[in-house]
Amino acid sequence: MNGKHITKLGFERKAIGLALAAAKAREGAGVERGAILYELKSVQADPAAYLAGGVYAELATELSEQNALSEIKKGAALLPSPLPYAVWGADLIEPGARAQMDVAMRLPITRAGALMPDAHVGYGLPIGGVLAAENAVIPYGVGVDIGCSMRLSVFAMQPDALKLEEAKILLLKHTRFGAGVAFDKRERGDHAVLHETTWDDQPILGHLFEKAAAQIGSSGSGNHFAEFGTLTLGAADLGLEAGEYLALLSHSGSRGFGAQVAGHFTNLAERLHPNIDPAAKKLAWLSLDSEEGQAYWQAMNLAGRYALANHELIHARLARALGVNVLASVHNSHNLAWKQQVDGQELIVHRKGATPAAAGQLGLIPGSMADPGFVVRGRGHADALESASHGAGRQLGRKAAASKLVKKEVAAYLKERGVTLMGGGIDEAPQAYKRIEDVIAHQSDLVDVVAQFMPRVVRMDSGSEDI
DNA sequence: ATGTAC
């Protein structure tokens, strides 16, 4: 047992010597190293339990003092009650999501927030939550899939000119779905984001580069999809005449790269807030004045650009295979944090499953695998922190969907709407989602609908159970 | 959402 073992556990300053002394004493008593490390971790997790006496008492005292000091420094105590925040579609939102938002509105760094009509429970901040913080960023206020985003390409082609069989072949050939999935070396795509020097700025980014390079242009699992469908423009917009167009809509994120960045920095944030109220544990933040906060900000934005690059490759491959021009395209990130002016002050606005909707800003709000999605234009509502929903939102959790929904009824729903599905888990069934029409209706003051997209051929990961 | 773990 040496100092290296101790510092690796995260002990600092005077605690290093005390931990080492205690460890030596335990070694002397014949305790194995693994057991000692476990004991040290237990003292670290709950020093109060070791204050009374024993070999770890001195260490526990020092740790308690260090924790108290760091909590004062970081101002970690929660407000006694949540700051007020606006809610859209309150009758559509489960109590659990409200409770999570209430906790987020009690963080000392929180200045404003809002809840979108597709809100449901997530880790830390609810999905559909918007949170403005002062000079701090919350890794789980952004979410695990950093930079998760949407992209739409409108093609110079009539919707029915693409035959069903060809659409299926194209999607199968040019997209990759599933956890851990990557491209073979010779099939790999390339993009400017892979040539940024940012990857050299942090060890974690360097370590993840190879994974990112292998997975670029892929789509992942869960609710991610790529689908051909019909875009209906009721009036001229997006530089297009009114009418119907063949279009491609995709939902993808930052894959393993973003997930590992998220995991790394939320662990770091939790370690820096050892005494945070347990209710807010997953909302641990990083100050933008700290090295850690700046490192997350850089990594988060790289993951955001990487996620958009994934879409660009998916769309470029399919457009090229189709051999048609792209007439218009729209994209937006819906899991990210932005610097934004709020009431004349620059704040960090986290959108975790929320579409940026500044006045005039275009965005995409999908429904489900067999329900329409919408191209929207933001109205810049201040109380929503210039945001809207990022989809319909779950009505049933993944487990509830798998146990309650019947394959036959899902298949009938798809057939009725003329949707062909490749892959897709029962937990992604349309019946697992809120009615998109209701969700859109509840945010008519946040966005205007520009166009409607009806999916026709959908590819997703297979999930736990196929439909 | 990720892909098998401080």
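Convention: sequence-line order gives letters A, B, ...; per-chain numbering from 1. Keep in mind that what you see is a predicted model, and the values were worked out from it rather than measured.
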At a cut-off of 3.5 Å, list every protein nitrogen or oxygen paired with a nitrogen or oxygen from nucleotides 3-6 of chain B, distance to 0.1 Å.
| residue | atom | partner | partner atom | Å |
| --- | --- | --- | --- | --- |
| B:dG3 | OP1 | A:Lys211 | NZ | 2.7 |
| B:dG3 | OP2 | A:Gly180 | N | 2.2 |

Measuring from A:Asn332:CG to A:His311:NE2, what's the distance to the nearest 0.5 Å?
8.5 Å

In whole angstroms, how far is the P atom of B:dT2 from the CG atom of A:Asp427?
13 Å

Provide, to the nearest angstrom, the distance between the OH atom belonging to A:Tyr306 and the C1' atom belonging to B:dA1.
13 Å

Write down the distance between OH (A:Tyr123) and C1' (B:dT2), rounded to a whole number of angstrom.
11 Å

So does A:Leu336 get a backbone contact from the side chain of A:His350, meaning a donor-acceptor N/O pair under 3.5 Å?
no

Just the rounded figure in Å: distance from P of B:dA1 to CZ of A:Arg176.
21 Å

Looking for any heavy atom pair under 4.0 Å, which part of the strands does A:Gly220 touch: base, sugar-phosphate only, or nothing?
sugar-phosphate

Spacing of A:Glu291 atom CD and A:Gln294 atom CD [to the nearest 0.5 Å]
9.5 Å

Regarding A:His191 and A:Glu312, is there a side-chain donor-to-acceptor distance under 3.5 Å anywhere?
yes

Any side-chain heavy-atom pair of A:Thr110 and A:Leu131 under 4.5 Å
yes

If you look at every strand shown and take non-hydrogen atoms under 4.0 Å, does A:Arg271 touch a base, only sugar-phosphate, or nothing?
nothing

Sequence neighbours left out, what passes salt bridge (charged side-chain N to carboxylate O under 4.0 Å, His left out) with A:Arg417? Give chain and number order.
none

